[in-house]
Amino acid sequence: MGEAVTGPLAGWRVLVTRERPGDLADLLEARGATVVHVPLIQVLEPADDGVALGRELERLAEFDWLVVTSPAGAERVADAAADASLVRLAVVGTSTARVLADAAGRAVEVVPAVQRSQTLLDELCAVAEPGQRFLVAQGDRADDTLVAGLRRAGYRVTSVVAYRTVLCVPDRSVIDGADAVLFASGSAATAWFDALGAVVPPIVVSIGPTTTAVAHRLGLKVTATATDHSLGGLVAELVGILAPDVRGDGPSNMTQSALRTYPVK
């Protein structure tokens with residue numbers, strides 16, 4: 001017989017809607033949760049089969065910064081990042097940092113503790129020099145928070161589509177009986193609504209107020225919004241709901257301590 005699963009989330013079924021379960025699933029499983037991976041998007045090549053991305057990556061050495069916002073984007077730029085060693089690297093999340101660092105063979109310099117485009121924008125503006133050039137490689141549905149913000153701050157920015165996403169509609173039987181769903185972005189809430197409508201599990205936790213606002217606009221009931229707007233904070237909020245006596249267990253602090261840089265292994 002296998003060992004009994006322990007932890008504050010033992011016995012609870014939690015839905016993760018990201019394309020790749022990654023760090024979020026690891027944090028949940030470390031606390032005993034049964035993670036049900038229900039990806040709501042599929043990543044495909046851009047409509048131009050990557051011609052525009054390839055053109056920009058060929059001249060990557062002309063830029064000061066390369067910025068990507070997802071593991072899918074990191075995979076598509078990694079070879080060029082490995083060759084252009086003087087171009088600094090920035091990403092929006094820990095999973096993306098790990099993929100890019102490992103594939104490019106060098107460290108990612110900017111990884112915000114709070115995994116939002118606005119936070120990445122703030123950190124880049126704090127360290128970049130005036131007039132520097134940025135290449136931002138994103139998905140086709142990315143909002144303009146990062147690109148528009150960098151341009152307003154006076155930087156020279158080239159934005160290119162690295163991949164496109166299409167909606168996946170999961171079998172509803174997969175989500176039946178789930179206790180909770182975690183939304184790590186506004187796009188996750190939107191994808192849920194587009195695929196499944198306004199029906200949600202008993203507990204819905206959002207990573208931050210922007211995501212919560214998107215969910216509410218769609219008619220999705222949010223149980224709680226993470227105080228710490230990170231994946232660790234998202235899990236800590238769920239622990240606080242389901243096992244309030246162990247809310248101080250420290251998932252958020254543990255995650256943030258590993259966020260500042262992701263060197264290559």
Side-chain angles (χ1 to χ4, degrees), residues 2-41 69-72 74 91-102 108 111-117 119-120 174-175 178-189 191-192 200-212 215 222-263 265:
E3 295 183 4
V5 177
T6 60
L9 299 180
W12 299 100
R13 295 180 72 240
V14 183
L15 300 179
V16 173
T17 68
R18 313 179 100 201
E19 183 214 354
R20 312 176 193 203
D23 290 346
L24 181 55
D26 290 345
L27 287 167
L28 289 165
E29 289 173 345
R31 282 147 188 80
T34 298
V35 176
V36 182
H37 183 214
V38 186
L40 297 178
I41 62 167
T69 57
S70 72
V91 305
V92 79
T94 57
S95 296
T96 305
R98 184 176 295 112
V99 170
L100 185 55
D102 288 349
V108 176
V111 187
V114 178
Q115 299 182 55
R116 295 190 303 148
S117 294
T119 309
L120 177 58
V174 176
I175 66 173
D179 299 297
V181 62
L182 304 183
F183 291 143
S185 65
S187 60
W192 177 280
V200 292
I203 296 170
V204 178
V205 183
S206 155
I207 198 168
T210 302
T211 299
T212 297
V222 175
T223 310
T225 301
T227 303
D228 172 7
H229 312 318
S230 67
L231 295 184
L234 187 60
V235 174
E237 196 68 39
L238 181 64
V239 170
I241 294 168
L242 297 178
D245 291 342
V246 294
R247 184 173 184 134
D249 188 38
S252 177
N253 291 338
M254 179 199 71
T255 302
Q256 293 220 18
S257 68
L259 277 172
R260 302 314 303 167
T261 89
Y262 258 88
K265 294 178 181 177

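These numbers were taken from a predicted model, which means no experiment stands behind them.
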Criterion side-chain contact (heavy atoms from CB on, under 4.5 Å) against W192, the qualifying member of V204, V38, V200: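 The single option meeting the side-chain contact (heavy atoms from CB on, under 4.5 Å) with W192 is V200.
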Could you point out which residue of V35, L231, V239 forms a side-chain contact (heavy atoms from CB on, under 4.5 Å) with L28? V35
How far apart are the closest heavy atoms of [X] and [Y], and which atoms are they?
X	Y	result
L182	T17	O-OG1, 4.3 Å
P112	V92	CG-O, 3.9 Å
A226	G233	CB-O, 3.6 Å
V99	A74	CG1-CB, 3.8 Å
V222	A215	CG2-CB, 3.6 Å
H229	G208	ND1-CA, 3.6 Å

Out of curiosity, [X] [atom1] to [Y] [atom2], how far, rounded to the nearest 0.5 Å?
X	Y	atom1	atom2	result
L238	R31	CG	CZ	10.5 Å
R116	S230	CZ	OG	11.0 Å
L40	S187	CG	OG	10.0 Å

Close side-chain approach of [X] to [Y], heavy-atom, < 4.5 Å:
X	Y	value
V91	T69	no
L24	L234	yes
V36	V14	no
L15	P201	yes
V235	V205	no

Looking only at side chains, do T212 and T225 share a donor and an acceptor under 3.5 Å apart?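 Yes - a donor-acceptor pair under 3.5 Å links their side chains.
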Taking D179 for its side chain and R13 for its backbone only, find out whether a donor-acceptor pair lies under 3.5 Å. yes
